[in-house]
Enquirer: 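Dropping the structure in here first, questions after.
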Amino acid sequence: MKIGVALSGGKDSSLAAARLVREGHQVVGYHLLLSPERYSAIPPSVQAGKVREIGERLGIEIRFIDGREAFRREVMDAFAAAYRAGETPNPCVLCNRLFKFGLLFETAEAEGCRKLATGHYARTEDGVRPRLLKPIPPCRDETYFLFAIPPGRLDRLLFPLGGIPPEDIRKLSRELLPGFLPPPVSQEACFLSRTGLRRFLEDSLPRPEEPGEIVDVSGTVLGEHPGCHFYTVGQRKGLSSASGKRGPLYVIRVVPESNRVVVGEKSDLRARRFRAVSPNWLSIPPPDDPITAWTKIRYTHPEAESRITPREDGSLEIEFTSPQEAPTPGQAAVFYRHDVLLGGAWIKTVDG
RNA sequence: UGCCCGGUGGUGUAAUGGUAACACAUCGGCCUUUGGAGCCGAGUUUCGAGGUUCGAGUCCUCGCCGGGCAG
């Protein structure tokens, strides 16, 4: 079978491709060019070179897809807009939806690939309605980033790494890609290096350096900040001008209208209810009535029991059984039942 | 002007006359397929000038600064 593989140049996607090659499939590697040179940690040409090298090593054809203009428009602009609105964007989810499982998927499909594989740690399950599942337990679970992918494509996706235990992945790595040196894993958003984020915001935001007040939950002014887009809910660092007393301070809210950053204790971050918009249901049909599910509000959040109520306007009301720390506008809320990712939505407002 | 308190890292505080400590902040590392968080580690401090004492953040004198009382 002809299978397309999304190849980033990293270890996981290479391994996924290697596995499919070993199984005897006709594999084509697709590499997306997304990041503008100005902001990237690794120059795109260097990354492309890595991908070519992997292609040679595996003996597969490599195709490049230039998505830079659309990426700029659809992911980076949205990223900047979120900061402007005092939200905390999650570009990975958007990029997965629009590019890896969007543009790249469509390109591979048009070129005759029956399936698309990626190196994500996740699983799919066929059936009347295909489902997206978490990987086999000790593996890190990356399904959070996949909640927004188009449901109709689930049956044509392959996650070759999601079904095998980590020790086997290491073994596979030695067998299939001996001597392969993974690039440094540590990174920010893949299209921005650490310095890139700052530069990007300076380029993209009007008057980025406008100072404002740091206030506590009762409105008392505690200090000054250099610009409210440097802050996100739950953040602890960068509050030096307000600190010194009352233990560690955390950002509770960012209010761009008044250019204020509201801070408080860690316990002030806990909230039970929030509203989420633009839901995407993957493994179940969109529900008409309230359902119970376990909701995860950030990548590393241990999902918690909740009730999800669909509203007339298409948004969702989520209520946790017990308050959770720092639901944050702009982040994804992803719903699970055991191993199954039911769907997800974007956190819009937090009610308390 | 008189009297009374107080002045310790960037901030808030601690230290019977005996190695100046704690929290927050800051910096570095770890963690990490988003932003945060979390974990580990580090640096930095006694308002100034004299004096008493083996030894002063601590006691004494003067000054400077901040607050209070008296008017």
Side-chain angles (χ1 to χ4, degrees), chain A residues 6 8-16 32 34-35 41-42 75-76 78-80 82-83 85-97 99-101 118-122 135 139-149 159 161-162 182-194 196-198 200-201 214 216 222-225 228-254 261 263-270 296-302 324-334 344 346-347 350:
Chain A
S8 67
K11 185 176 167 187
D12 292 335
S13 57
S14 309
L15 210 48
L32 273 169
L34 299 175
S35 177
I42 305 168
V75 175
M76 295 183 71
F79 186 79
Y83 271 99
E87 297 193 351
T88 306
N90 188 331
C92 294
V93 176
L94 206 53
C95 174
N96 281 334
R97 174 190 175 84
F99 290 88
K100 296 196 184 90
F101 301 94
T118 74
H120 289 102
Y121 290 90
C139 251
R140 72 169 174 272
D141 171 15
E142 296 177 337
T143 55
Y144 178 81
F145 296 106
L146 301 178
F147 97 80
I149 64 181
F159 300 110
L161 305 185
V185 286
S186 181
Q187 61 174 209
E188 310 298 304
C190 68
F191 60 98
L192 295 172
S193 63
R194 187 174 286 278
L197 173 67
R198 181 120 192 180
F200 174 66
L201 290 176
I214 299 175
D216 68 13
L222 299 182
E224 212 181 56
H225 65 73
C228 69
H229 57 269
F230 290 120
Y231 297 86
T232 182
V233 174
Q235 180 173 332
R236 180 176 169 178
K237 295 206 179 295
L239 265 16
S240 51
S241 68
S243 75
K245 339 168 180 193
R246 52 185 119 184
L249 249 31
Y250 296 83
V251 175
I252 308 300
R253 257 192 315 283
V254 177
V261 173
V263 300
E265 297 174 17
K266 194 163 195 176
S267 63
D268 294 324
L269 284 169
R270 289 151 62 79
K296 183 166 178 161
I297 52 175
R298 85 188 66 86
Y299 176 48
T300 54
H301 177 236
Q324 300 296 307
E325 209 157 274
T328 306
Q331 292 287 293
V334 180
W346 298 96
I347 301 173
V350 179

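Labels below follow one simple rule: chain letters A, B, ... track the order of the sequence lines, proteins then strands, and each chain is numbered from 1. This structure is a prediction, so every number in the text was calculated from the model and none was measured.
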Enquirer: Can you see which heavy atom on F147(A) is nearest to which on A332(A), and at what distance?
Expert: CE2-CB, 3.5 Å

Enquirer: Could you work out which one of U34(B), G35(B), G36(B) sits closest to the side chain of Y83(A)?
Expert: G35(B)

Enquirer: Using Watson-Crick or G-U wobble geometry with both distances below 3.5 Å, tell me the partner of C3(B), or none.
Expert: G68(B)

Enquirer: Students often get this wrong, so: under 4.0 angstrom with heavy atoms, is V93(A) touching a base, only sugar-phosphate, or nothing?
Expert: nothing

Enquirer: Please state how far atom CG in L239(A) lies from atom C1' in G12(B), giving the value in whole angstrom units.
Expert: 16 Å

Enquirer: So, does R298(A) get its side chain near the phosphate of A37(B), meaning an N or O under 4.0 Å from OP1 or OP2?
Expert: no

Enquirer: Taking pairing as Watson-Crick or G-U wobble with both contacts under 3.5 Å, can you name the mate of G28(B), or confirm there isn't one?
Expert: C40(B)

Enquirer: In whole Å, what separates the C1' atom of G43(B) from that of A25(B)?
Expert: 13 Å

Enquirer: With A148(A), which residues qualify under side-chain contact (heavy atoms from CB on, under 4.5 Å), at least two apart?
Expert: V93(A), R97(A)

Enquirer: OP1, OP2 of U32(B) versus side-chain N and O of R140(A): anything below 4.0 Å?
Expert: no

Enquirer: Considering only atom C1', compute the distance from C59(B) to U52(B) and round it to an integer number of Å.
Expert: 8 Å

Enquirer: Would you classify Y250(A) as touching base, sugar-phosphate or nothing, given that sugar-phosphate means primed atoms plus P, OP1 and OP2, and contacts are heavy atoms under 4.0 Å?
Expert: sugar-phosphate

Enquirer: Quick check for you: among A37(B), A25(B), U33(B), whose closest atom lies nearest to any side-chain atom of F145(A)?
Expert: U33(B)

Enquirer: Once you round it to whole Å, what is the distance between C1' of U34(B) and CZ of F99(A)?
Expert: 16 Å

Enquirer: Take the protein atom CG of D216(A) and the nucleotide atom P of C24(B), then report the distance between them rounded to whole Å.
Expert: 19 Å

Enquirer: Could you work out the separation of C62(B) and G28(B) based on their C1' atoms and round it to a whole Å?
Expert: 45 Å

Enquirer: Return yes if some donor-acceptor pair links the side-chain N/O of T328(A) with the main-chain N/O of A326(A) below 3.5 Å, else return no.
Expert: yes

Enquirer: Rounded to whole angstrom, note down the C1' distance from C4(B) over to A42(B).
Expert: 43 Å

Enquirer: Sticking with atom C1', work out how far C31(B) lies from C39(B), rounded to a whole angstrom.
Expert: 8 Å

Enquirer: Hey, does the side-chain of T328(A) have a donor or acceptor N/O within less than 3.5 Å of a partner on the base of G35(B)?
Expert: yes

Enquirer: Take the protein atom NZ of K237(A) and the nucleotide atom C1' of G36(B), then report the distance between them rounded to whole Å.
Expert: 11 Å

Enquirer: In whole Å, measure the gap between the C1' atoms of C47(B) and G66(B) for me.
Expert: 11 Å

Enquirer: Whole angstrom is fine here: how far is it from CG in N90(A) over to C1' in G36(B)?
Expert: 11 Å

Enquirer: Measure from CZ on R236(A) to C1' on G38(B) and round the result to the nearest Å.
Expert: 9 Å

Enquirer: Select from H120(A) and A326(A) the residue whose nearest nucleotide in RNA chain B is closer to the 5' end of that strand.
Expert: H120(A)

Enquirer: Strictly distance-based, threshold 3.5 Å: is any side-chain N or O of Q331(A) a donor or acceptor partner for the main-chain N or O of T88(A)?
Expert: yes

Enquirer: Can you tell me if the side-chain N/O atoms of Y144(A) get under 4.0 Å from OP1 or OP2 in U32(B)?
Expert: no

Enquirer: H120(A) vs F145(A), test: ring pair (Phe, Tyr, Trp, His ring centres under 6.0 Å). Steps then yes/no.
Expert: CA-CA 9 Å; H120(A) 289 102; F145(A) 296 106; 8.1 Å; no

Enquirer: For E142(A), which contact category applies under a 4.0 Å heavy-atom criterion: base, sugar-phosphate, or nothing?
Expert: base

Enquirer: Applying salt bridge (charged side-chain N to carboxylate O under 4.0 Å, His left out), name anything that partners R270(A), two or more places apart in sequence or on another chain.
Expert: none

Enquirer: Atom OH in Y299(A), atom CG in D141(A): separation rounded to 0.5 Å?
Expert: 7.0 Å

Enquirer: If we take the C1' atom in both U53(B) and C60(B), what is their distance in whole Å?
Expert: 12 Å

Enquirer: Write down the partner of C22(B) under the Watson-Crick or G-U wobble criteria, each distance required to be under 3.5 Å.
Expert: G12(B)

Enquirer: Distance check needed: G38(B) C1' versus L269(A) CG, whole Å only.
Expert: 14 Å

Enquirer: Rounded to whole angstroms, how far apart are CG on L222(A) and C1' on G12(B)?
Expert: 13 Å

Enquirer: Roughly how many Å apart are U1(B) and G9(B), using the P atom of each and rounding to a whole number?
Expert: 29 Å

